[in-house]
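Take a look at the structure set out below.
In what follows, chains carry the letters A, B, and so on, assigned in the order in which the sequence lines appear, proteins first and then strands, with residues in each chain numbered from 1.
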Amino acid sequence: MADIVTTPAVAPQRASAGGSGGTRASKARKGRRRTLIAYLFLAPFLILFLTFVVAPAIFGLWISLTDYSPFSDVQNFVGLQNYIALFDPNSTFSGDFWQSMGATAIFVVLSVPCLVLVPLGIALLLNRKIRAATTFRTVFFAPYVLGVAVIGVIWGYILDTQSGILNHLLGLIGLPDNIPWTVNVPWVWVTLVGVTVWWTMGLNTVIFLAGLKGINGDLYEAAALDGAGAWRSFVSVTIPGLRPVMLFITTTTVLASANMFGQSYLLTRGGPGNATRTAIMYIADQGLSQNNMAPAAAMSYVLFAFLAIISIINFRLQRERVERTVA
Amino acid sequence: MKKAFVRALGIAAAVSLGVALTGCGGSSSNSGAVSGGGDYTGPKVDITFWHGWTGGAAPTLVPKLIEKFNSEHDNIVVKNVPQEWGDIAKKMPLAIKAGKGPDVAVLHGDDLATYAAQKLLLNADDIVKGLGYTADDFPPGVFDAGDYKGTQYAIPWSVTPLGLFVNKTVLGQAGITDIPTDQASYTAALEALKGVGVQGEWVDGYVFTGTFEFESLLWQFGGDLYNKDVTKASFNSDAGVQALTWMTDLVKNGYSPANVAQDGNIKALLAGQTAFNWNGVWQTTNSAFADLDWAAAPVPQIGTEKAVWSSSTHWVFPANKGQDKNKTAAAATFVKWMNDNSAGWAETGELPAANDVRNDPTLVQNYPNLQPFMDELEYAHYETVSPGIAEANALVTTAINEALNGKKTPQQALDDAAKKADQILKQNASKYGG
């Protein structure tokens, strides 16, 4: 994401820097060799990417256009039938699929603001010259290294309605001690968002922190000379300085949240009912457990389309702002 | 954008990789009749044995049994391949289609039809006949779980019914010494426990225990999960509504807390917070019970007839591409030997299926906690035999969850699930070739 933002700024520089010496022919030769070397270094990744990402993706697209079944020897091309079925309220899949998409959307809407604002706040605090800043940085980043299974087990113990330690502590200070954190709405959403923020905010914090370090200190000094207070310099210096970082973080966070799987799989079992069964959970179940691979492939492409559109909108909105501030 | 693309492709990749692996085997329809016979007399063969016993006493017990078998048979070497049940479900169909599956394996009763419909199992009619097994050698209903469309595909190995686990210390707090056996005494016990501030049975809306309790009650009230040829769901019948209402009433009447999480009830029993837990025979070997004054009993008869849920495990002979008949014959010999020598199997918390082994008095002497579960086998109901049934069964759990969480009334929850289940059954019929 970040490289897309910086490319327009870098490219013209290279073109002008190249004009400073050598004949046109030798320049071209040198350029070709450089390109060749670059491709050589990229090749290992490229081969893996083509074999394990592009090829299966094309194969998946083909599956979504057939009546693929592991039990039949012949696969028939059915055109867009699998996709149309997703929009037909009478089909077996559409109700559950759109419910799972809805659950995913709820999670994205609830979690993304928290996952952007909380890390931003923490990064601002950590960016100050405080004692043991490194320790705090480690503390905030530490949960991120844990696997989702570990998170599930830890929080399962903490949040259990009857025997969890959190409800016990709430009871000690006179608050309700029977909150169904992992069992009933709306608490399941509080749990899923809270656990996800606790688990993953470290990464965004570190990226924000790097962004903050990249802002020229002179700008703050200049702002202070112009009589700007803390809030004013935050709005006029920090925020514009963080825009490329912000774009990266919002985009990756939206995508990560839309792909949430482990937390609700382990903590809420998709419940109550199917309220927290996310799109990925449903697709994985249909494709890998229930052998409905063609509809599952179609679902994954519909989800992909949604994420692509959201990413483009997000990108457009924020890029304009980047250009405006540059201008 | 690029990241989105990669991520979405990742999903597609996961789905399609599975497809690719499944597709390459081709179909290996096989009706190869292999005569089992009591003893294999052919040339020396190595056979592989896949099973999912990775916990409890099994990991030490199975190798011991296999070692003994190998030492008694010069021409057969059995290779033990344990792995998680979930891994078997993912790997075995693909392995069989690729000709790399095991020569003998153990599967759960509700998986048999799915495998049989995919033509992944050998027709075992002749093997069963050769080994001399009939339905009478096993508890009622277990042998039939291996029957799919009139062909026998499996030989029973173990059965695992639900039972009533009792924390006697907690029960004693309400001044009760007799373990309740019917609705009247059970309700009276719950009421007495409530009187001393104990919620006597914590009811949950998850697999395993919530679903299995509901199914037991459904049968007790005279209902069934599906119609006879498994084309229509019938768990939303009056019996089903009665069963689920009885469960939600436990919460309504204050006998159970609301919003119990998965396994919350067995934890509460162990922690001395509740008196009763409907749980499987496998808990009899749970070491956490060691410090507890506890007992196991048959599940109480709440409805009009005696009934209880049970699962089962079965021996199957995979139809590997180019399966060696000698290996299958050797596998049959192994199966017979294992069933004959399965007395020690009770150590793992499962009941041996073979009647003559289970009825040997020394078994109960060694494992007295198994007696109430053995008493239940006369009226136990086993899992539905129909390919792809797990997907429909999952809807039952969802309905119980919704009703217990107060999202829907029992009738509404079961009706919604039944409507969906009918669609799934119809889809299964075309998916698995009717």
Quiz item: Which pair of non-hydrogen atoms, one from Ala261(B) and one from Thr182(A), has the smallest distance, and what is that distance?
Solution: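 That closest heavy-atom pairing would be CB-OG1, 4.4 Å.
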Exercise. Please report the closest heavy-atom contact between Gln423(B) and Asn90(A), naming both atoms and the distance.
Key: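 Scanning both residues completely, I find the closest heavy atoms to be NE2-O, 3.2 Å.
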Per-residue contact mode, [X] against chain B (heavy atom under 4.5 angstrom):
X	result
Ser91(A)	backbone
Asp96(A)	side chain
Asn274(A)	both
Phe93(A)	side chain

Quiz prompt | Step-by-step side-chain hydrogen bond (donor to acceptor under 3.5 Å, both in side chains) determination, Asn291(A) to Gln118(B) | solution = CA-CA 11 Å; Asn291(A) 289 317; Gln118(B) 293 175 68; 4.9 Å; no
Quiz item: Do any of residues 384-399 of chain B come closer than 4.5 Å to chain A, heavy atom to heavy atom, and if so which ones, in number order?
Solution: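 The stretch touches chain A at Glu391(B), Thr398(B).
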Enclosure of [X] [atom1] (heavy-atom neighbours >12, cutoff 6.0 Å):
X	atom1	value
Lys100(B)	NZ	no
Tyr83(A)	OH	yes
Gln81(A)	CD	no
Leu46(A)	CG	yes
Phe107(A)	CZ	yes

Going from [atom1] on [X] to [atom2] on [Y], what distance comes out if it is rounded to the nearest 0.5 angstrom?
X	Y	atom1	atom2	result
Gln262(B)	Leu267(A)	CD	CG	11.5 Å
Arg269(A)	Tyr206(B)	CZ	OH	7.0 Å
Ile424(B)	Gln290(A)	CD1	CD	7.5 Å
Asn292(A)	Lys431(B)	CG	NZ	3.5 Å

Throw together a table of side-chain donor-acceptor distances under 3.5 angstrom for residues 252-259 of chain B, partners on residues two or more places apart or in other chains.
| unit_1 | atom_1 | unit_2 | atom_2 | d |
| --- | --- | --- | --- | --- |
| Asn253(B) | ND2 | Asp249(B) | O | 3.3 |
| Tyr255(B) | OH | Glu191(B) | OE1 | 2.5 |
| Ser256(B) | OG | Glu201(B) | O | 3.4 |
| Ser256(B) | OG | Val203(B) | N | 3.0 |
| Asn259(B) | OD1 | Asn184(A) | ND2 | 3.1 |

Quiz item: Given the options Gly271(A), Ser163(A), Pro272(A), Gly270(A), which has more heavy-atom pairs under 4.5 Å with chain B than any of the others?
Solution: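 Going by pairs under 4.5 Å, I would pick Pro272(A).
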Quiz prompt | For Lys267(B), all residues meeting side chain to side chain donor-acceptor pair (under 3.5 Å), sequence neighbours excluded | solution =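 If we apply the side chain to side chain donor-acceptor pair (under 3.5 Å) test to Lys267(B), skipping adjacent residues, there are no hits.
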Quiz item: Which region of Lys426(B), side chain (C-beta onward) or backbone (N, CA, C, O), has a non-hydrogen atom less than 4.5 Å from a non-hydrogen atom of chain A, or is it both or neither?
Solution: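 Neither part.
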Quiz item: Counting distance only, does the side-chain N/O of Asn401(B) pair as donor-acceptor with the main-chain N or O of Gly273(A) below 3.5 Å?
Solution: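 Present.
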Self-check item: Pairing residues for Phe276(B) by the ring-ring contact (aromatic ring centres under 6.0 Å, His included) criterion, not counting sequence neighbours
Solution: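 Applying ring-ring contact (aromatic ring centres under 6.0 Å, His included) to Phe276(B) gives Tyr186(B).
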Practice problem: Quick one: do Val185(A) and Lys407(B) satisfy side chain to side chain contact (heavy atoms under 4.5 Å, CB included)? Show the steps, please. | Solution: CA-CA 9 Å; Val185(A) 283; Lys407(B) 296 276 153 299; 3.2 Å; yes
